[in-house]
Trainee: 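Pasting a structure here, questions to come.
Lettering follows sequence order; numbering is per chain, from 1. Hydrogens, waters and symmetry mates play no part in the numbers below; they use all other heavy atoms, side chains included.
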There are 2 protein chains.
Amino acid sequence: MKAHAHSHSHQRQKMSVLTGRLRQQARKITSPRAAILEILRQHPHPLTNKDIFAAMAKGQCDLATIYRAMHLLEEMGMVKRFDFGDGAARFELVGEGDDGHHHHLICTRCAGVVEIEECFPSQIESRIAAANGFKSVTHKLEFFGICPECQ
Amino acid sequence: MKAHAHSHSHQRQKMSVLTGRLRQQARKITSPRAAILEILRQHPHPLTNKDIFAAMAKGQCDLATIYRAMHLLEEMGMVKRFDFGDGAARFELVGEGDDGHHHHLICTRCAGVVEIEECFPSQIESRIAAANGFKSVTHKLEFFGICPECQ
DNA sequence: ATTTTAAATGCAAATCGTTTGCATCTCAAT
DNA sequence: ATTGAGATGCAAACGATTTGCATTTAAAAT
């Protein structure tokens with residue numbers, strides 16, 4: 001699987017903007033956090049905590065710190081959590097203002113990931129919500145298949 | 001959350017049919033398996049291994065046995081695995097011939113589950129597959145919201 | 001520049017869902 | 001009743017994630 005275009009708001013965010021968002025919340029810009037943000041900026045793909053850990057210079061930060069940082073960033077809306085069903089959470093940096101909602105097409109052979117434009121039709125989702133009396137309905141949606149290289 | 005109708009092929013399957021499918025594969029009808037199938041028949045909802053374990057008379061079977069049984073049943077296509085994103089796999093009995101593909105609407109407050117008719121539009125899925133050169137594309141889709149009772 | 005202190009980190013131990021090795025047991029075919 | 005593949009129980013192992021706690025550090029206050 002190769003890289004792909006990101007029509008989403010994935011224009012690499014400036015580090016100063018990222019650290020600024022942290023500062024606003026009275027959070028410290030520590031070296032582990034700076035390293036994590038830098039790695040996320042450079043990889044516009046969903047990364048597991050372990051991926052992030054592996055992308056760092058050895059011993060630069062503890063794995064537990066990454067877990068804690070991802071929780072913080074998720075609460076702050078700076079990253080979005082994705083679940084590809086393999087038991088490991090993945091995270092992607094989210095642009096300011098953006099809610100990061102989108103989906104992926106994942107190769108079940110090589111684990112390659114393509115970001116997808118399409119989303120579940122909102123009017124159908126509204127109908128589902130209404131028909132069952134639910135409020136604030138969203139969805140999690142991921143596609144799985146076999147990529148060109150793996151066929 | 002209360003029970004709901006199952007327009008799917010969830011007419012409670014006869015136990016004899018279920019055991020028959022096992023026998024065909026030269027698998028034994030053991031007391032743990034019979035108990036598991038009975039519990040699945042009686043609960044047309046996605047159940048975790050622990051749910052199944054809890055639904056049994058204490059000491060009737062080991063939790064590890066349930067895990068093994070669910071793997072077997074899944075391979076045989078007798079149950080379908082669902083992932084609600086909370087880290088625990090859930091299973092539903094699948095009718096013969098049916099592939100069990102469907103989705104749920106889950107209350108994020110009380111964890112109540114409603115089975116959903118709607119599915120992701122297949123022509124859009126085909127377009128996504130074609131646009132990226134993927135084959136054998138499927139999807140995982142679940143809806144989340146707040147049910148009437150929890151609002 | 002130094003002090004101060006809440007926030008953050010490292011490390012190890014703990015949790016949770018799930019899997020597995022192995023000795024023992026039990027269907028179901030003979 | 002015999003028997004052998006398939007199943008089970010139990011405990012240990014696992015991988016992802018979380019947490020307690022003593023120590024460190026960023027950044028606000030002095």
Side-chain angles (χ1 to χ4, degrees), chain A residues 15-16 18-39 46-76 78-91 111, chain B residues 15-16 18-39 46-76 78-91 111:
Chain A
M15 193 54 140
S16 60
L18 295 173
T19 55
R21 292 184 69 180
L22 277 174
R23 259 188 263 278
Q24 283 174 206
Q25 308 282 310
R27 313 320 290 247
K28 295 179 181 173
I29 316 299
T30 59
S31 104
R33 287 183 182 167
I36 291 168
L37 289 173
E38 189 55 44
I39 290 165
L47 298 180
T48 63
N49 286 313
K50 203 181 274 184
D51 287 339
I52 297 172
F53 186 60
M56 286 189 187
K58 65 214 165 301
Q60 183 170 352
C61 135
D62 193 88
L63 186 53
T65 299
I66 298 181
Y67 275 95
R68 284 188 274 234
M70 299 320 290
H71 276 298
L72 172 66
L73 295 175
E74 185 183 18
E75 280 165 24
M76 293 181 58
M78 290 180 63
V79 300
K80 173 115 179 129
R81 175 188 299 258
F82 290 98
D83 179 5
F84 289 181
D86 65 348
R90 281 156 215 271
F91 302 88
Chain B
M15 194 51 143
S16 59
L18 295 173
T19 55
R21 292 183 71 180
L22 278 174
R23 257 189 263 279
Q24 285 173 206
Q25 308 281 311
R27 314 320 290 247
K28 294 181 182 173
I29 316 300
T30 60
S31 104
R33 288 182 182 169
I36 291 168
L37 289 173
E38 188 57 43
I39 289 165
L47 298 180
T48 63
N49 286 312
K50 203 180 274 185
D51 287 339
I52 296 172
F53 187 60
M56 285 190 189
K58 64 216 164 300
Q60 184 170 352
C61 134
D62 192 89
L63 186 53
T65 299
I66 298 180
Y67 276 94
R68 284 189 273 235
M70 299 321 288
H71 275 299
L72 173 67
L73 295 174
E74 186 183 19
E75 280 166 24
M76 293 182 58
M78 290 180 63
V79 300
K80 173 114 178 131
R81 175 188 299 257
F82 291 97
D83 178 5
F84 289 0
D86 64 350
R90 280 156 216 270
F91 301 89

Trainee: Determine the minimum heavy-atom distance between A/R90 and A/T48, stating which atoms define it.
Mentor: CG-CG2, 3.6 Å
Trainee: Can you tell me the distance, in whole Å, between the CZ atom of B/R33 and the C1' atom of D/dG9?
Mentor: 14 Å
Trainee: With rounding to the nearest 0.5 Å, note down the distance linking OG1 in B/T65 to CD in B/Q60.
Mentor: 11.0 Å
Trainee: So, do A/I39 and A/D51 sit near enough that their side-chain heavy atoms are less than 4.5 Å apart?
Mentor: no
Trainee: Counting only non-hydrogen atoms, which of residues 50-58 of chain B are less than 4.0 Å from DNA chain C?
Mentor: B/K50
Trainee: How close or far is atom C1' of D/dA16 from atom CZ of A/F84, stated in whole angstroms?
Mentor: 17 Å
Trainee: Rounded to whole Å, please give me the gap between CG in A/D83 and C1' in D/dT17.
Mentor: 14 Å
Trainee: To the closest 0.5 Å, what do you measure between CG (B/L37) and CE (B/M15)?
Mentor: 5.0 Å
Trainee: Is the phosphate of C/dT9, meaning OP1 or OP2, less than 4.0 Å from a side-chain N or O of A/T30?
Mentor: yes
Trainee: Can you see which heavy atom on B/D83 is nearest to which on A/G85, and at what distance?
Mentor: OD2-CA, 3.9 Å
Trainee: Supply the atom-to-atom distance A/L73 CG to A/M78 CE, rounded to the nearest 0.5 angstrom.
Mentor: 5.5 Å
Trainee: Going from CD on A/E74 to NZ on A/K80, what distance comes out if it is rounded to the nearest 0.5 angstrom?
Mentor: 8.0 Å
Trainee: Rounding to a whole Å, what distance do you find between A/N49:CG and C/dT9:P?
Mentor: 13 Å
Trainee: Rounded to the nearest Å, what distance is computed from the NZ atom of residue A/K28 to the P atom of nucleotide C/dA8?
Mentor: 7 Å
Trainee: Counting C-beta onward and ignoring hydrogens, is there a side-chain heavy-atom pair between B/N49 and B/F91 closer than 4.5 Å?
Mentor: yes
Trainee: Whole-Å distance between C/dA7 P and A/M76 CE?
Mentor: 14 Å
Trainee: Does A/I66 form a side chain to side chain contact (heavy atoms under 4.5 Å, CB included) with A/M56? I'd like the steps, not just the answer.
Mentor: CA-CA 11 Å; A/I66 298 181; A/M56 286 189 187; 4.1 Å; yes
Trainee: Any residue in residues 60-72 of chain B with a heavy atom nearer than 4.0 angstrom to DNA chain C? Just list them by number, or reply none.
Mentor: B/A64, B/Y67, B/R68, B/H71
Trainee: Quick one: A/R81 CZ to D/dA16 C1', roughly how many Å, whole number?
Mentor: 11 Å
Trainee: Quick one: pull up CD in A/Q24 and OG1 in A/T19 and give me the separation to the nearest 0.5 Å.
Mentor: 10.0 Å
Trainee: To the nearest Å, how far apart are A/E75 CD and D/dT18 C1'?
Mentor: 14 Å
Trainee: Quick one: CD1 on A/I36 to CG on A/L47, what's the gap to the nearest 0.5 Å?
Mentor: 11.0 Å
Trainee: May I ask you to list the residues of residues 18-27 of chain A, by number, that have any heavy atom positioned under 4.0 Å from an atom of DNA chain C?
Mentor: A/R27
